[in-house]
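First the proteins, then the strands, lettered A, B, ... as listed; each starts at 1.
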2 protein chains.
Amino acid sequence: MKMSPKVESFVYHFGEMGSKWGFNRTVGQIYALLVVSDQSLNANQIGEALSISRGNVSMGIKELQSWQLINLKHIPGDRKEYYSPKGTIWEMANRVFEERRKREVDPTLTLLRNLQLDEANDDAEVYAQGKMREIHDLLETITQWSAELQRLDPAKLHTLMKLGAGISKVLSIKDQFIKPKKDSNKDS
Amino acid sequence: MKMSPKVESFVYHFGEMGSKWGFNRTVGQIYALLVVSDQSLNANQIGEALSISRGNVSMGIKELQSWQLINLKHIPGDRKEYYSPKGTIWEMANRVFEERRKREVDPTLTLLRNLQLDEANDDAEVYAQGKMREIHDLLETITQWSAELQRLDPAKLHTLMKLGAGISKVLSIKDQFIKPKKDSNKDS
DNA sequence: TTAAACTTTCAGAAATTACTGAAACTTCAG
DNA sequence: CTGAAGTTTCAGTAATTTCTGAAAGTTTAA
């Protein structure tokens, strides 16, 4: 398993990107390699292509499984396990967002809610709690929207997104239909 | 400068979060501290509150400036510089997205485009280029949408977001208005 | 059962990233 | 100017994260 120069630069670049997106360089490289390979690969092939140890491949695979990003396949007459990316690229992006939400955003929301419950002891704490509430609301809003995005059919959503107008036109249409209720959101 | 227990757990938590969002623990802590403080703080106060060295504070401040996340203020009769967070929380989130786009997504798009330009040498490369194109299109779509989001008035957008319906209703409304053109998107 | 073929685990080593603190630099009042 | 009050830089050190490879574990064909 030798990578072609194109695949190689793709894989190395996505190793670096991966490390900014929640998994380490090697994990990013393994996933990138699987995505651009037209066939499933076994652990030895992966290790050989990326020049990393067998143990490291195994850990990387495990990590990708915890993100639900890969499929495992058995080829008849071969005892090795073969790996391939699960779902489309779009589904992959969704899954990464979703997983990070669970791992990072949810615990933050819990913390912020708990800190709200504590009575403030002085003005400084009142101010701090106000800011924490702003952050809480922002995170919750983003979470809700992204949850709804994920409930849509990916192919349809993709088409809609590419279709043209973009979100500002969408929102202006929404505006004409959904009139703000009188004084129904005192906060913010 | 001693942090209250509430502020302390908030600050430490956001230090950890920060390290998953593109800056290191200390930078996250400094920003979190400034956000919940009702007054601007100078470098000594920050260092004391977080128990970090003067040099580290300086590096953190510099990093936050490169993300355009803080303001600098001079208090008459005091030669120290005082720092406070710039803009609202929502603007902060926008700025972080925007900055990461510039630093991470744009170079990726460039790479992917360059790899497209190279003629494929065999079937495997044709397959790989196809996948790279999918990733390119996904990133570009996300980029466009987020750019449009940022062009909207933040306050209005926030209100709209909290208003109710959510994106799926918005999209179904859009659907009724914008009919797909006949066969106009052969790709995807 | 057994043993060959494969996968996983994990302690220690290597690589990377972050932090300290002293020295260099800057600014400004007198 | 001068020097006191402040900020920044950066070489060396510390902390953290990642990787290796040998040993332990698992699976399956015979």
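In this structure, B/Leu50 places its CG atom 13 Å from C1' of C/dC19, rounding to the nearest Å. Across the protein-nucleic acid pair, A/Glu63 atom CD and D/dC19 atom C1' stand 14 Å apart, rounded to whole Å. The CE atom of A/Met59 sits 7 Å away from the C1' atom of C/dC10 (whole-angstrom rounding). Between the CD1 atom of B/Ile30 and the C1' atom of D/dT7 there is a distance of 14 Å, given to the nearest Å. Atoms CD1 (B/Ile52) and P (D/dT8) sit 13 Å apart, rounded to a whole Å. The separation between A/Asn56 atom CG and C/dT9 atom P is 14 Å, rounded to whole Å. Summarising the geometry, the separation between CD1 on B/Ile75 and P on D/dA5 is reported as 18 Å, rounded to the nearest angstrom. Rounding to whole angstrom units, CG of residue B/Leu72 and P of D/dT7 are separated by 9 Å.
Enclosure of atom CG in A/Asp123 is not indicated, since only 12 or fewer non-hydrogen atoms of other residues, nucleotides or ligands lie within 6.0 angstrom. Under a cut-off of 6.0 angstrom, the local environment of CG in B/Asp78 is crowded, with over 12 non-hydrogen atoms contributed by other residues, nucleotides or ligands.
Residues B/Glu99 and B/Arg95 are not paired through a salt bridge, judged by the lack of any N-O separation under 4.0 Å between the basic side chain and the carboxylate. Classification of A/Arg101 and A/Glu98 as a salt-bridged pair holds, one side-chain N sitting under 4.0 Å from a carboxylate O.
For D/dT18, neither phosphate oxygen OP1 nor OP2 lies less than 4.0 angstrom from any side-chain nitrogen or oxygen of A/Thr26.
A distance of 10.0 Å separates CE in B/Met17 from CZ in B/Phe23, rounded to the nearest 0.5 Å.
Comparing A/His74 and A/Phe23, the nucleotide of DNA chain D nearest to each residue sits closer to the 5' end for A/Phe23.
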Pairs under 3.5 Å (N/O, protein and nucleotides 6-8 of chain C):
{"residue": "C/dC6", "atom": "OP1", "partner": "A/Lys80", "partner atom": "NZ", "Å": "3.3"}
{"residue": "C/dT7", "atom": "OP1", "partner": "A/Glu81", "partner atom": "N", "Å": "3.3"}
{"residue": "C/dT7", "atom": "OP2", "partner": "A/Arg54", "partner atom": "NH2", "Å": "2.5"}
{"residue": "C/dT7", "atom": "O5'", "partner": "A/Arg54", "partner atom": "NH2", "Å": "3.4"}
{"residue": "C/dT8", "atom": "OP2", "partner": "A/Ser58", "partner atom": "OG", "Å": "3.2"}

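When each of C/dT16, D/dT20, C/dA18 is scored by its nearest atom to the side-chain atoms of B/Asn24, the top-ranked nucleotide is C/dA18.
Note on B/Leu50: it clusters hydrophobically with B/Val7, by side-chain heavy-atom contacts below 4.5 Å among ILVMFWY residues.
The side-chain hydrogen bond (donor to acceptor under 3.5 Å, both in side chains) with B/His136 is formed by just one residue from the set B/Lys131, B/Gln116, B/Arg113, B/Gln129; it is B/Arg113.
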